[in-house]
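For reference, the structure discussed in these notes is given below.
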Amino acid sequence: MSQNTLPIGIFDSGVGGLTVYRALHDRLPNEHFIYLGDTARVPYGTKSLATVERYAIENSQFLASRGIKLLVVACNTASALALPKIREKIGLDVVGVIGPGGRKAVELTRGKERPKIGVIATEATVASNAYYEAIRRASDSAEVLQKGCPLFVPLAEEGWTSEPETYSIAAKYLEAMKEFHPDALVLGCTHYPILREVIQQTVGEDVKLIDSGEATAEEVEKLLIEKGLSNPARHAGERHLCDDLDHFYVTDAAERFAHVAERFLGAKPSKLEAIEVYGVDELRQKPER
Ligand code: DGL
């Protein structure tokens, strides 16, 4: 199989990364995807650096063992904490969601002398300052305010996208953000695009919301072209989210994953398998008998 026809690997701590899968699938209909949701060990957003790094490396090694041409780390927390370690261990191009999300925010606020950029994310992503650093690398005059919104994750998974409780939680989390009144607000967690409407109404219609998954899909497209790695297949118009060209793996609770996938994407994965990712590298390195 030529490199070009290999799938793109995507991993997330669970189901949230499906928003990134959707963005990639929409932008790159000729590509095939292998998605791994680490549903046995979710959430990552409250875990330590060492633990997130270990999980992220195991997930990456599992996907690499399946044969992929590029790895997308859809999980913001894993991108924030583990990207250097993943790159060190995996001999592949690796794209995280933080850099693209941060760069997009700066791009969309260009022209402002001192752009104000808000970031909402998990506690671990906020504590890592990864978005702050990505934004400041792209614009050293940007003013950044970050806020952890951990309850948005279960609310999105429950499908509470317009309940009054969701609006009141958003109002509480985003009080200081509203006062800061950013020019752009980065949705720095896989789940937050599901609550886009609530977030937009809470911070105000004039705030530009940045979906890091969409920004990542744009950069992945550029990278594939630059490296000559695009798939020559012509599927445009024939592809559907979760069709049988894409393969989904979870580390636990496949049925729940399928159920939430249907809620997020309007379709259940055609190919879904429960697997274990622990020790994949040791298995891979064992000589064949
Ligand atoms: N996927 C995670 C992220 O984007 C959210 C869920 C979790 O905490 O694992 O940060």
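One-based numbering, in listed order, for ligands and for the atoms of each.
The stretch residues 27-56 participates, sequence neighbours left out, in these ring-ring contact (aromatic ring centres under 6.0 Å, His included) pairs: Tyr21-Phe33, His32-His235, Tyr35-Phe248, Tyr35-Phe257, Tyr44-Tyr55.
In this structure, Tyr132 has no ring-ring contact (aromatic ring centres under 6.0 Å, His included) partners at least two apart in sequence or on a different chain. With sequence neighbours left out, His181 forms a side chain to side chain donor-acceptor pair (under 3.5 Å) with Asp206.
There is no side-chain donor-acceptor pair under 3.5 Å between Thr125 and Asn76.
For a heavy-atom separation below 4.0 Å, the residues in contact with ligand 1 are Asp12, Ser13, Val42, Pro43, Tyr44, Gly45, Cys75, Asn76, Thr77, Thr122, Cys189, Thr190, His191.
Linking Ile, Leu, Val, Met, Phe, Trp and Tyr whenever their side-chain heavy atoms come within less than 4.5 Å puts Leu195 and Ile169 in one cluster.
Counting heavy atoms from C-beta outward, Leu63 and Ser60 have side chains that stay 4.5 Å or more apart.
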